[in-house]
Amino acid sequence: MNSVGIVGLGLYIPESTMTAKEISEATNGIWSEEAVIKKLGIVEKTIPGEDDGTQEMGVRAAFDALKDANISPEEIDVILCMGEEWKEYPLTTSALYIQGKIGAKNAWGIDIQNRCCTTVSALKIAKDMLLADDSINTVMIVGGYRNGDFVDYSDSNMSMMYNLSAGGGAIILKKNSGKNIVLGSHVKADGTFARDAGVEIGGIENPFNESNVLEGYKSLRLMDAKHMKDGLNEVSMPNWFECIDKALEKSGLRREDIDYLAVLHFKKSMHDFMLKELGLQEEQSIYLSDYGHMGQVDQILSLKLALKEGKVKDGSVVLMIAAGIGYVWSANVIKWGEC
């Protein structure tokens with residue numbers, strides 16, 4: 001029986017940072033430095049430097065993954081770009097830019113989007129492609145993220161996105177690699193939240209004009225804050241745990257089999273609640289308080305850090321979970337080590 005495993009992980013993390021104190025100052029003191037640290041869980045976060053474009057950060061992460069996998073770019077058959085739509089040039093295809101820059105001349109590529117769920121969703125897509133098509137043997141999932149550029153810190157409704165940071169990540173998957181096997185996945189969506197949050201100015205519905213350009217570049221907003229907050233309070237956690245339990249069931253596992261949780265950055269109280277509900281200890285995850293929320297790069301970052309710190313080793317069952325505005329929840333399971 002064919003299987004799909006992870007053979008390489010790549011990261012690019014910008015050197016520039018924004019501290020909790022600087023976030024507090026950007027809110028004009030509405031959020032104190034202490035509250036930013038203790039409630040929002042941000043000690044500091046990465047922010048893009050001058051040359052840290054979304055596509056370029058993806059390229060740098062791709063090279064890092066190729067080095068980690070010890071393979072040549074010519075071995076890649078497909079590139080699934082999970083990088084964000086906010087990039088150097090609109091209407092360019094990031095997967096193809098990355099393909100050209102890294103020399104993956106035998107690969108075709110496509111951009112996919114599921115907001116902060118994209119990496120976890122892409123793992124399912126890549127696995128299904130590898131198992132379904134005999135001509136595909138190696139897939140790279142890759143991309144960059146810097147949606148924090150759009151955050152208006154004076155908008156109190158946006159406190160849930162004050163953590164948005166910047167970085168790039170990549171995963172290389174190979175058919176029958178014999179290690180780091182991708183097991184079950186589950187994704188669930190609720191499109192009634194589709195336009196509750198997003199960049200409000202600059203699209204077809206509300207295009208740029210001479211009077212709204214500056215506002216537009218800080219217009220990532222909760223466009224229906226009440227509906228989103230009230231609705232998510234009712235359905236978010238049940239939907240998330242449904243994804244987790246179904247991904248585990250598809251893997252022939254249960255919650256007590258989880259060794260490590262690779263989870264996106266969100267407020268500390270929610271992180272602690274998630275660990276408790278899954279029966280996990282604090283050391284079985286990494287809280288990304290020194291990085292912020294790199295969108296769909298978070299799970300790659302978390303896994304990379306966990307491997308470095310010895311929290312994930314041969315035989316570890318890794319649960320990756322994510323959620324993205326729109327709204328979508330996802331989970332997948334990886335059995336780390338030789339198989």
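If you're wondering where the values come from, they're calculated on a predicted model, not measured in any experiment. For the single chain, residues carry numbers from 1 onward in sequence order.
Considering CG of Asn206 and OG of Ser219, their distance stands at 8.0 Å, rounded to 0.5 Å. For the atom pair CG (Leu264) and CG (Leu288), the distance works out to 8.5 Å, reported to the nearest 0.5 Å. For the atom pair CE (Met18) and OG1 (Thr46), the distance works out to 12.0 Å, reported to the nearest 0.5 Å.
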Task: Derivation of the salt bridge (Lys or Arg N to Asp or Glu O under 4.0 Å) call for Arg115 and Glu84 - done: CA-CA 7 Å; Arg115 300 284 77 82; Glu84 267 296 344; 2.9 Å; yes
Task: side-chain contact (heavy atoms from CB on, under 4.5 Å) evaluation trace for Cys81 with Ile98 - done: CA-CA 8 Å; Cys81 185; Ile98 293 169; 4.1 Å; yes
TODO: Would you sort out whether Leu130 and Asn2 count as a side-chain contact (heavy atoms from CB on, under 4.5 Å), showing the intermediate values?
DONE: CA-CA 9 Å; Leu130 284 157; Asn2 288 329; over 6 Å; no
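Between Tyr153 and Asn28, the side chains place no donor N or O within less than 3.5 Å of an acceptor N or O (distance only, hydrogens not considered). Tyr260 and Ser302 form a side-chain donor-acceptor contact under 3.5 Å, judged by distance and modelled atom types alone. Checked by atom type, the side-chain pair Ser316/Asp259 shows no donor-acceptor distance below 3.5 Å. For the 3.5 Å distance criterion, the side chains of Trp329 and Ser236 qualify, holding a donor opposite an acceptor. Between the side chains of Glu74 and Ser72, at least one donor N or O sits under 3.5 Å from an acceptor N or O.
The local environment of NZ in Lys67 is sparse, with at most 12 non-hydrogen atoms from other residues, nucleotides or ligands closer than 6.0 Å. For Lys268, the NZ atom is densely surrounded, since the number of other residues' heavy atoms within 6.0 Å is greater than 12. With a 6.0 Å radius and a threshold of 12 heavy atoms from other residues, nucleotides or ligands, Glu88 has its CD atom above the threshold. Heavy-atom neighbours of Glu283 CD from other residues, nucleotides or ligands within 6.0 Å: above the threshold of 12. Atom NZ of Lys101 sits in a sparse spot, with 12 or fewer heavy atoms from other residues, nucleotides or ligands closer than 6.0 Å. Atom CD of Glu205 has 12 or fewer heavy atoms from other residues, nucleotides or ligands within 6.0 Å. Around atom NZ of Lys124, no more than 12 heavy atoms belonging to other residues, nucleotides or ligands sit under 6.0 Å away.
Residue pairs meeting the salt bridge (Lys or Arg N to Asp or Glu O under 4.0 Å) criterion with at least one member in residues 290-316, sequence neighbours excluded, are Asp64-Lys304. Applying the ring-ring contact (aromatic ring centres under 6.0 Å, His included) rule to pairs touching residues 281-321 yields His265-Tyr287, His271-Tyr287, sequence neighbours excluded.
For the pair Met158 and Asp152, the minimum side-chain heavy-atom distance is 4.5 Å or more.
Aromatic ring centres of Phe273 and Phe266 lie farther apart than the 6.0 Å criterion allows.
Remark: the backbone N or O of Gly144 is not paired with any side-chain donor or acceptor of Gln55 at under 3.5 angstrom.
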